[in-house]
Amino acid sequence: MAETDRDRVQDTCETSAEESARLHFIREAIEEDNRAGRFGGKVHTRFPPEPNGYLHIGHAKAIWLDFGMAQDYGGQCNLRFDDTNPAKEEQEYIDAIMEDVRWLGYDWEDRLFFASDYFDQLYVWAVQLIQAGKAYVDHLSQEEMREYRGTLTEPGKDSPYRNRSVEENLNLFEQMKNGAFAEGECVLRAKIDMKSGNINLRDPVMYRIIHAPHPRTGSKWCIYPMYDYAHGQSDSIEGVTHSLCTTEYEDHRPLYDWFLDALGIFHPRQIEFARLNLTYTVMSKRRLLRLVQEKYVSGWDDPRMPTLRGMRRRGYTPEAIRAFCEAAGVGKRATTSEIEMLEHYLRQDLNKRSPRVMAVLRPLKVVITNYPDDQVEEMDAVNNPEDPEAGTRKVPFSKVLYIEQDDFMEDPPKKFYRLAPGREVRLRYAYFLTCQEVIKDDLGQIVELRCTIDPATRGGDAPDGRKVKSTLHWVSAAHALESEVRIYERLLTNPDPGALEEGQDFTDLINPNSLEVLPTCYVEPSMKDAPAGSFYQFERLGYYCVDSDSTPDKLVFNRTVGLRDDWAKLQKSS
RNA sequence: UGGGGGAUAGUUCAACGGCAGAACAGCAGGUUCUGGCCCUGUCGAUCUUGGUUCGAAUCCAGGUCCCCCAGCCA
């Protein structure tokens, strides 16, 4: 009994993504360590953002991996801000990042850390390295240092300050800390190997002088550790077992090892994976910032932005993003996933969970000539065919309706199944409808359809068993809620915005029609009090969510993603 | 002509010396009160040249191509 219960609980708790969890090379590495008892079987990871920007879908992959691996192996994941450069970092970003990580569904519990928490320890260690003759204060200017560093193919040469005595270095570093020097006057460097093929090992800077207040340590310090000097030790201090990072840090690993070994402290295992790229998407902070600053989008949370706030506002769900990450997999080669895959997992999630509703975006008036003027019927409509528990609702039907302009053609091509003169279709959950007459204005534009219904088909089925080729969604004009709908297309016209031609800027690739506002749409009255963030499937159209701009007087919707549309595909191909 | 990493269907990921598979995308059907969902079928790949082996995507050697590194950014 107890066993079957447990089995059932497990069955229902495991999502399909987890069931299909792949044994990618990082899981393999972790399991290998666990088998060998390398970290006492423990798995402890961390997500280490710099608070100098908003999180985007690329970060989601890292978050999913960092927190996900800890979750999968019964470990823990810290959130640690790598806040080593006060010139660039702000509290605003710290708050935003925490909000986004939580939204993605992850919890660092009481393990919120900052690299700045370790500034004292890092300083002590720096002194220790100086005493061991492994670090020195350098007075080379920035330009000189670049020259001395050599190039990719030529070795560097030693700084003339490289052989200062331990006492002198200790004294100089102390003065650096005390603010005796201006920014740029000198730095503390690790004494490693100016001839190394790995440029990271050519006496990297450990500390530089920045006379700026830090969001967390205030004016306590005027010297700040470089990321490379802080990162490995921060992981070490936190007892991070598996330090997951992107491939560009692969050749920093020897440097982290050098610091860890020189200091004789705990040694995490770093594993590198390829960062996520998406077609039709720019991900760099610089480009994202330009989109915002140059007003190509309305802000960091514009629904067209690949930021987590943008995607959240667009109507993406954390479940869909996580399922996508799992499906996209983990590798080491530089790749670009197709955005269609992301959209597939979005639709898959939304299909399961969205209440269905009828909404007409581009209204065409239909008058039912054989329907009583004042009559209103309440039609039963299914809320979600994928979820019987969701139940049904009533939708009002009356003499004057709106249907979608796309659902009528006066002169239909062969494969067009929808309404046309003399043709009968079904109004979903209502009646069979036949178009009797097309009314046009002076310009020849269709302004109204005169139609009749078959009263015997109430509810949507014909007692004589006759079939129709299509079913249309509709709203009752007298009952509909007028609302605004914002349709989003890809922000960029090129799937690979990284590959620009000579003299081309990525902003040249911006789609001028990425946002279309439809100010006069009609949605069924059941949505009257829909709160911001709630999501629906507009039947036959797509998934839509209520935008934060929505008011009780006028609902505003974002199109999250359209339904797959074979008819549109057919039209495009012909 | 330095160092590090990588190369499997259109895309992303599997196959860990033993029948090259999946998902997404595409195409063709079926089903349907959503041209949705679902179902079925189908197209389609081991960078290259040698070697080892009964057998190689996998091991070895050479070549080619791609990505990252010359911040007092992270």
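So that the names make sense, note that chain A is the first sequence line, chain B the second, and so on, each numbered from 1.
The A:Glu340 side chain lies nearest to B:rC24 when the options are B:rG36, B:rA70, B:rC24. Picking from B:rG35, B:rU34, B:rC24 the nucleotide with the shortest atom distance to the side chain of A:Asp566 gives B:rG35. Out of B:rG26, B:rC24, B:rG35, the shortest distance to the side chain of A:His344 is found at B:rC24. The side chain of A:Lys569 approaches B:rG26 more closely than any other nucleotide in the set B:rG26, B:rG36, B:rU12. You'll find that the side chain of A:Asp251 is closest to B:rG4, out of B:rU12, B:rG4, B:rA70. Across B:rA23, B:rA74, B:rU34, the shortest atom-to-atom separation from the side chain of A:Pro385 is found for B:rU34. For A:Arg208, whose side chain is taken as the heavy atoms from C-beta onward, the closest listed nucleotide among B:rC27, B:rC67, B:rC72 is B:rC72. Looking at the side chain of A:His252, the nearest of the listed nucleotides B:rC24, B:rA74, B:rG35 is B:rA74. In this structure, the nucleotide among B:rA74, B:rG2, B:rA25 sitting nearest to the side chain of A:Asn85 is B:rA74. When distances run from any side-chain atom of A:Trp567 to the nucleotides B:rA70, B:rG35, B:rC72, the shortest one goes to B:rG35.
Here A:Ile339 lies out of heavy-atom contact (under 4.0 Å) with every strand. When heavy atoms are screened at a 4.0 angstrom cut-off, A:Arg149 is found touching the sugar-phosphate backbone but no base atom. A:Asp461 comes within contact range of at least one nucleobase, with a heavy-atom separation under 4.0 Å. Within the nucleic acid shown, A:Val205 comes within 4.0 Å of sugar-phosphate atoms alone, with no base atom in reach, counting heavy atoms only. When heavy atoms are screened at a 4.0 angstrom cut-off, A:Glu250 is found touching the sugar-phosphate backbone but no base atom. Residue contacts for A:Tyr224: at a heavy-atom cut-off of 4.0 Å it reaches no nucleic acid atom on any strand shown. Residue A:Thr151 is classed as a base contact, given a heavy-atom separation below 4.0 Å to a base. Across all strands, A:Arg428 comes closer than 4.0 Å to base atoms (heavy-atom distances). Using a 4.0 Å heavy-atom distance criterion, A:Lys469 is classed as making no nucleic acid contact. Here A:Glu154 lies out of heavy-atom contact (under 4.0 Å) with every strand. Among the atoms of the strands shown, none is found under 4.0 Å from any heavy atom of A:Phe273. A:Arg347 comes within 4.0 angstrom of nothing in the nucleic acid, heavy atoms only. Contact annotation for A:Ser470: no contact, since no heavy-atom pair falls under 4.0 Å across all strands. A:Ser196 comes within contact range of no nucleotide atom at all, as no heavy-atom separation falls under 4.0 Å.
The six-membered or imidazole ring of A:Trp567 lies away from that of A:Tyr417, with a centre-to-centre distance of 6.0 Å or more. Ring to ring, A:Tyr54 and A:Tyr93 are close: their centroids are under 6.0 angstrom apart.
Atom pair A:Asn200:CG and B:rG5:P shows a separation of 13 Å (rounding to whole Å applied). As a whole-Å value, the separation of A:Arg146 CZ from B:rC69 P is 16 Å. Distance A:Met341 CE to B:rG10 P: 16 Å, rounded to the nearest Å. At whole-Å resolution of the value, CD in A:Glu338 and C1' in B:rA23 are 12 Å apart. In this structure, CG of A:Asp349 is placed 19 Å from P of B:rA23, rounded to the nearest angstrom. The NZ atom of A:Lys157 sits 19 Å away from the P atom of B:rA70 (whole-angstrom rounding). Here the P atom of nucleotide B:rC69 and the OH atom of A:Tyr249 are 10 Å apart, to the nearest Å. In this entry the distance linking CE of A:Met206 with P of B:rC73 reads 15 Å, nearest Å.
Straight-line distance between the P atoms of B:rC47 and B:rC13: roughly 14 Å, to the nearest whole Å. Rounded to whole Å, the separation between the C1' atoms of B:rG44 and B:rG21 comes to 13 Å. Separating the C1' atom of B:rU58 from that of B:rA7 is a span of 14 Å, rounded to the nearest Å. One P atom belongs to B:rU46, the other to B:rU40, and the distance between them is 28 Å to the nearest Å. Nucleotides B:rA61 and B:rG10 place their C1' atoms 33 Å apart, quoted to the nearest Å. B:rU49 and B:rA56 are spaced 15 Å apart, taking the P atom of each and rounding to whole Å. On the C1' atoms, B:rC59 is 10 Å away from B:rU53, given to the nearest whole Å. A gap of 26 Å separates the C1' atoms of B:rC73 and B:rC66, to the nearest Å.
For A:Thr247 and B:rC67, the shortest distance from a side-chain N or O to OP1 or OP2 is not below 4.0 Å. Within the 4.0 Å cut-off from OP1 or OP2 of B:rG5, not a single side-chain nitrogen or oxygen of A:Arg253 is found. Regarding contacts with the backbone of B:rG35, every side-chain N or O of A:Arg426 stays at 4.0 angstrom or more from both OP1 and OP2.
No salt bridge links A:Arg202 with A:Glu154; every basic N to acidic carboxylate O contact stays at or beyond 4.0 Å. Salt bridge annotation for A:Glu326-A:Arg27: present, with a cationic side-chain nitrogen under 4.0 angstrom from a carboxylate oxygen.
Put simply, the side chain of A:Arg540 and the base of B:rG35 share no donor and acceptor less than 3.5 Å apart. If you check distances only, the side chain of A:Glu386 does reach the base of B:rG36 with a donor-acceptor pair under 3.5 Å. In the interface, the side chain of A:Glu248 is not paired with the base of B:rG5 through any donor and acceptor atom under 3.5 Å apart.
A donor-acceptor pair shorter than 3.5 Å cannot be found between the side chains of A:Tyr431 and A:Asp454. Residues A:Asp380 and A:Thr392 have side chains that never bring a donor and an acceptor to within less than 3.5 angstrom of each other. A donor-acceptor pair shorter than 3.5 Å can be found between the side chains of A:Glu144 and A:Ser141. Using a 3.5 Å distance cut-off with no hydrogens or angles, the side chains of A:Glu238 and A:Tyr118 do pair a donor with an acceptor.
Annotation for A:Arg164: atom CZ counts as buried by contact number, over 12 foreign heavy atoms lying within 6.0 Å.
Glycosidic conformation of B:rG71 is syn; the angle stays within 90° of 0.
Legend: residues meeting side-chain contact (heavy atoms from CB on, under 4.5 Å) with A:Asn178, ordered by chain and number and at least two apart, are A:Glu174.
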